[in-house]
Amino acid sequence: MKERSHIILKYTIAASIGAALVLLYLAGHPREGLPPAEVWRIWCDAFTVPGMLIFLTGVLVWLSGEGVFLGLGYAVSYMVRMLIPGMGHKHERYADYIERKTEKGKAKGYAFLFVVGGVMLLAAAVFLVLFCRAYTAPAI
């Protein structure tokens, strides 16, 4: 039961952040008096931006778990050790660094980012279709 509530909490937090970003975007773009095509475009943009942010955050977590950023982390830690006095004497080989960092294993439980981001992108696609229909509709 505790695991289920934990999963629901993750989805709720991610969806709340996405909804807050949608509302923030909509607050900055007044829609009164605009043609329907422009209104649908604003709604499409409002869901695309947070949807992509959430979805691509999931991609970054996945890539990080695959070890894509290990080389960059090693380079930064090596530079910090060389620039800060008194830390340069402790040199760690790259193979040891990789082994130490991969001991923990990969990140788990971040699929909710793909789901919430995907749902928001699906909503953006619906608004995009509505925009295209309103944009190409003949004026009355």
Side-chain angles (χ1 to χ4, degrees):
M1 187 66 174
K2 185 176 183 180
E3 183 177 319
R4 176 179 255 179
S5 65
H6 184 66
I7 291 171
I8 292 172
L9 182 65
K10 289 193 296 188
Y11 278 90
T12 303
I13 290 173
S16 298
I17 290 172
L21 290 173
V22 167
L23 293 175
L24 187 66
Y25 186 88
L26 290 174
H29 294 82
R31 298 166 303 284
E32 295 82 22
L34 292 176
E38 281 300 306
V39 173
W40 293 126
R41 184 192 59 81
I42 290 171
W43 278 95
C44 179
D45 292 347
F47 277 89
T48 300
V49 172
M52 289 300 289
L53 285 174
I54 293 171
F55 189 85
L56 292 177
T57 299
V59 170
L60 279 175
V61 171
W62 173 69
L63 287 174
S64 175
E66 294 297 317
V68 172
F69 303 118
L70 288 175
L72 183 63
Y74 178 76
V76 168
S77 68
Y78 184 79
M79 286 177 47
V80 167
R81 280 195 314 270
M82 292 297 122
L83 293 174
I84 296 178
M87 289 189 69
H89 67 278
K90 181 187 163 202
H91 180 69
E92 183 179 29
R93 293 183 318 130
Y94 182 67
D96 297 334
Y97 177 83
I98 296 293
E99 183 179 327
R100 180 172 56 88
K101 289 294 184 176
T102 56
E103 271 177 0
K104 296 183 277 185
K106 296 180 180 181
K108 297 176 184 171
Y110 56 90
F112 69 95
L113 294 170
F114 292 115
V115 173
V116 172
V119 167
M120 294 188 83
L121 290 174
L122 185 63
V126 169
F127 289 124
L128 180 64
V129 168
L130 292 171
F131 163 76
C132 289
R133 286 189 177 190
Y135 188 75
T136 58
I140 297 174

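Computed from a predicted structure; not experimentally measured.
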With a cut-off of 3.5 Å and sequence neighbours excluded, list every side-chain donor-acceptor pair involving residues 70-80.
from: Tyr74; atom 1: OH; to: Glu92; atom 2: O; distance (Å): 2.8
from: Ser77; atom 1: OG; to: Gly73; atom 2: O; distance (Å): 3.3
from: Ser77; atom 1: OG; to: Tyr74; atom 2: O; distance (Å): 2.9

Next item on the list: State, to 0.1 Å, how close Ala37 and Phe131 come at their nearest heavy-atom pair, and which atoms those are.
Entry: O-CD1, 2.9 Å
Next item on the list: Working to the nearest 0.5 Å, report the span between OG1 of Thr57 and CZ of Phe55.
Entry: 11.0 Å
Check: If you take all heavy atoms of Pro50 and Val22, which pair is closest and at what distance?
Finding: CG-CG2, 3.7 Å
Check: Taking only residues two or more places apart in sequence, or in another chain, which ones meet Lys106 in a side chain to side chain donor-acceptor pair (under 3.5 Å)?
Finding: Glu66
Notebook entry, point to check: Mind checking whether Ile8 and Tyr110 sit in one hydrophobic cluster, side chains of I, L, V, M, F, W, Y counted as touching below 4.5 Å?
Noted result: no
Check: Does Arg100 CZ have over 12 foreign heavy atoms under 6.0 Å away?
Finding: yes
Item checked: Pairs flagged by salt bridge (Lys or Arg N to Asp or Glu O under 4.0 Å) wherever residues 5-15 is involved - sequence neighbours left out -> none
Notebook entry, point to check: For the residue pair Val61 and Ala107, what are the closest heavy atoms and their distance?
Noted result: CG1-CB, 4.1 Å
Margin query: Test side-chain contact (heavy atoms from CB on, under 4.5 Å) on Leu113 and Trp62; report intermediate values, then the result.
Written below: CA-CA 10 Å; Leu113 294 170; Trp62 173 69; over 6 Å; no
Next item on the list: Taking all non-hydrogen atoms of both residues into account, name the closest pair between Gly51 and Met120 and its distance.
Entry: CA-CB, 3.7 Å
Margin query: Just verifying a value: how many Å separate Tyr97 OH and Thr102 OG1, rounded to the nearest 0.5 Å?
Written below: 10.5 Å
Notebook entry, point to check: If you measure from CG on Asp96 to NZ on Lys101, what distance do you get to the nearest 0.5 Å?
Noted result: 13.0 Å
Next item on the list: Return each pair, listed once, that meets salt bridge (Lys or Arg N to Asp or Glu O under 4.0 Å) where at least one residue sits in residues 31-47; pairs must be two or more places apart or across chains.
Entry: Glu38-Arg41, Arg41-Asp45
Note to self: Do Val116 and Tyr11 have side chains that approach each other closer than 4.5 Å (heavy atoms only, starting at C-beta)?
What the structure shows: yes
Note to self: Minimum heavy-atom separation for Ile42 and Tyr25, please, with both atom names.
What the structure shows: O-CE2, 3.6 Å
Next item on the list: Work out which heavy atom in Cys44 is nearest to a heavy atom in Ala124; give both atom names and the distance.
Entry: SG-O, 3.4 Å
Check: Which other residues end up in the same hydrophobic cluster as Leu9, if Ile, Leu, Val, Met, Phe, Trp and Tyr are linked when side-chain heavy atoms come under 4.5 Å apart?
Finding: Ile13, Ile17, Leu21, Val49, Leu53
Notebook entry, point to check: Linking I/L/V/M/F/W/Y whenever their side-chain heavy atoms sit closer than 4.5 Å, directly or via other members, would Phe114 and Val68 fall into one cluster?
Noted result: yes
Checklist line | Connected-component partners of Leu122 among ILVMFWY, side-chain separation under 4.5 Å | finding: none
Note to self: Would you say that Phe127 contacts Thr48 through its side chain, given a criterion of any heavy-atom pair below 4.5 Å between the two side chains?
What the structure shows: no
Notebook entry, point to check: Can you hop from Leu23 to Met52 via hydrophobic side chains spaced under 4.5 Å?
Noted result: no
Check: Is it the case that one hydrophobic cluster holds both Phe47 and Val129, taking links as side-chain heavy atoms less than 4.5 Å apart, direct or via other members?
Finding: no
Notebook entry, point to check: Could you state the interatomic distance from CZ (Phe112) to CD1 (Ile54), rounded to the nearest 0.5 Å?
Noted result: 9.5 Å
